[in-house]
There are 2 protein chains.
Amino acid sequence: MERTGPLFMGGVPELLVLRLLAQQQMYGYELVKNIRLVTGEAISLGEGVVYPLLHGLERSGALRAKRRAHNGRTRVYYSLTAKGKKRLARLESEWARVSSGVQAALGDIAHG
Amino acid sequence: MERTGPLFMGGVPELLVLRLLAQQQMYGYELVKNIRLVTGEAISLGEGVVYPLLHGLERSGALRAKRRAHNGRTRVYYSLTAKGKKRLARLESEWARVSSGVQAALGDIAHG
DNA sequence: TGCTGATACCTCGCAATACGAGGTATATAG
DNA sequence: CTATATACCTCGTATTGCGAGGTATCAGCA
């Protein structure tokens, strides 16, 4: 039955979203597409991941939302707050730590 | 409230455990200590993570367990089965994919 | 006119699972 | 005789990624 579950994605969506928004404000649908792009097609997040995440981050004060109309459709643009920047810095540092730890484990033993 | 939750650890414990056991058989307590070592202190898994994981992997057929007495204490040695090796290969490939995707996202954008 | 597909937003519920806390028991060192 | 290290274990909680499903607008095409 090989249920694989989402592997190695713990915290990754949040990191990616914050990282992209640190560059420039974007709306949800745009994020979904851009995440695929900037990860070289390696990571693809559905809207069921991105939208709830954006709402949570806004509620926690990491993001600020601005509704804007565009061609009759409504877009919700998100941008980083100071708190969001701190959060991003923390996630990046955590990612570096875990990532290097795994890398070390995979490498060090290779010749053991 | 800063609820950080376990960040970037999704699937990592399983990867590390399988990787170490691919080198040589080990018992749980030994794994707990060695994981700290091989990750350069970057990652530290408690027994509450490792033991349930070992049981799950054994039940799914990825690991084989051998009980052995040592100085009056009982040690349970685990080793990889063929299924476990396949599972490890898959996790390593998944890790490479996600890891490189995140890396790309963090880097590519750096220069705008 | 009607159809499709892209755009753009949203929610619900499931299923993993990492983790701390707590529990048992033996050997060793002070 | 006490504390520490060894060595095993389970339970409960909280998080969260994800698919599936839902609404509405707009552009293009037959």
Side-chain angles (χ1 to χ4, degrees), chain A residues 1-18 25-36 39 43-60 65-78 87 91 94 98 101-102, chain B residues 1-18 25-36 39 43-60 62-63 65-78 87 91 94 98 101-102:
Chain A
M1 281 299 109
E2 284 295 335
R3 62 185 68 285
T4 313
L7 278 178
F8 307 120
M9 290 301 290
V12 167
E14 186 181 351
L15 172 59
L16 294 180
V17 163
L18 289 176
Q25 58 173 15
M26 281 179 168
Y27 53 98
Y29 197 76
E30 200 181 2
L31 275 166
V32 169
K33 288 186 300 181
N34 281 359
I35 284 174
R36 232 191 316 262
T39 60
I43 299 174
S44 174
L45 303 181
E47 306 177 23
V49 173
V50 172
Y51 286 117
L53 181 54
L54 289 171
H55 300 156
L57 287 172
E58 188 195 359
R59 280 211 311 155
S60 77
K66 236 183 298 180
R67 313 185 75 85
R68 205 185 305 172
H70 176 85
N71 263 7
R73 288 190 222 81
T74 299
R75 290 174 173 177
V76 187
Y77 284 84
Y78 293 90
R87 176 73 178 164
L91 289 200
E94 281 293 293
V98 172
V102 171
Chain B
M1 280 298 110
E2 282 294 336
R3 61 183 74 285
T4 313
L7 278 177
F8 308 119
M9 290 301 290
V12 167
E14 185 180 351
L15 172 59
L16 295 180
V17 162
L18 289 176
Q25 59 173 15
M26 281 178 168
Y27 53 97
Y29 198 76
E30 199 181 1
L31 276 165
V32 169
K33 288 186 301 182
N34 281 358
I35 284 173
R36 230 191 317 261
T39 61
I43 299 174
S44 173
L45 302 181
E47 306 176 24
V49 173
V50 172
Y51 286 117
L53 181 55
L54 289 171
H55 300 156
L57 287 172
E58 187 194 0
R59 280 209 312 156
S60 77
L63 297 184
K66 237 183 296 179
R67 313 185 76 84
R68 205 184 306 172
H70 177 85
N71 263 8
R73 288 189 222 83
T74 299
R75 289 174 173 177
V76 188
Y77 283 85
Y78 293 91
R87 176 73 178 163
L91 289 200
E94 280 293 293
V98 172
V102 171

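Reminder, nothing fancy here: chain letters follow the sequence lines and each chain counts from 1.
- D:dT15 atom C1' lies 14 Å from atom CZ of A:R59, rounded to whole Å.
- Between the P atom of D:dA7 and the CG atom of B:L45 lies a distance of 18 Å, rounded to the nearest Å.
- Nucleic acid contact class of B:G11 (heavy atoms, under 4.0 Å, all strands): sugar-phosphate only.
- Here C:dC9 is the nucleotide among C:dC10, C:dC19, C:dC9 with the atom lying nearest to any side-chain atom of A:R75.
- Between A:E94 and A:L15, the closest side-chain pair of non-hydrogen atoms is not below 4.5 Å.
- One finds the CG atom of B:L57 at 9.5 Å from the OH atom of B:Y78 (value rounded to the nearest 0.5 Å).
- The residue B:V76 sits close only to the backbone: its heavy atoms come under 4.0 Å of sugar-phosphate atoms, none of a base.
- Between A:Y27 and C:dA8 there is a side-chain N or O to OP1 or OP2 distance below 4.0 Å.
- When all heavy atoms of A:V76 and A:A65 are compared, the pair lying nearest together is CG1-CB, 3.9 Å.
- Between B:L54 atom CG and D:dC9 atom C1' there is a gap of 12 Å when expressed in whole angstrom units.
- Residue A:Y51 has a polar side-chain atom (N or O) positioned under 4.0 Å from OP1 or OP2 of C:dC9.
- Here the C1' atom of nucleotide D:dT16 and the CG atom of A:L15 are 15 Å apart, to the nearest Å.
- For A:Q25, the side-chain contact (heavy atoms from CB on, under 4.5 Å) partners at least two apart in sequence or on another chain are A:K66, A:R68, A:Y77, A:S79.
- Dashed line: the shortest gap from a side-chain N or O of A:H55 to OP1 or OP2 of C:dT11 is under 4.0 Å.
- One finds no side-chain N or O of A:Y29 lying less than 4.0 angstrom from the OP1 or OP2 phosphate oxygen of C:dC9.
- Between B:V98 and A:T39, the closest side-chain pair of non-hydrogen atoms is not below 4.5 Å.
- Rounded to whole Å, the distance from CD1 on A:I43 to P on D:dC18 is 9 Å.
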Donor-acceptor contacts under 3.5 Å from residues 46-54 of chain B side chains, at least two apart:
residue, atom, partner, partner atom, Å
B:Y51, OH, B:Y29, N, 3.4

For nucleotides 22-30 of chain C, just jot down a letter per nucleotide in 5' to 3' order: B, S or -, based on protein non-hydrogen atoms under 4.0 Å.
----BS---
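- In this structure, A:R67 atom CZ and C:dC9 atom P are separated by 9 Å, rounded to whole Å.
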Determine whether B:I35 and B:V17 satisfy the following criterion, side-chain contact (heavy atoms from CB on, under 4.5 Å), listing intermediate values before the conclusion.
CA-CA 8 Å; B:I35 284 173; B:V17 162; 4.1 Å; yes
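- In this model, the phosphate group of D:dA5 is not approached by any side-chain N or O of B:K33 to a distance below 4.0 Å at OP1 or OP2.
- To the nearest angstrom, C1' of C:dT7 lies 9 Å from NE2 of A:H70.
- Rounded to an integer number of Å, the gap from B:E14 CD to C:dC19 P is 13 Å.
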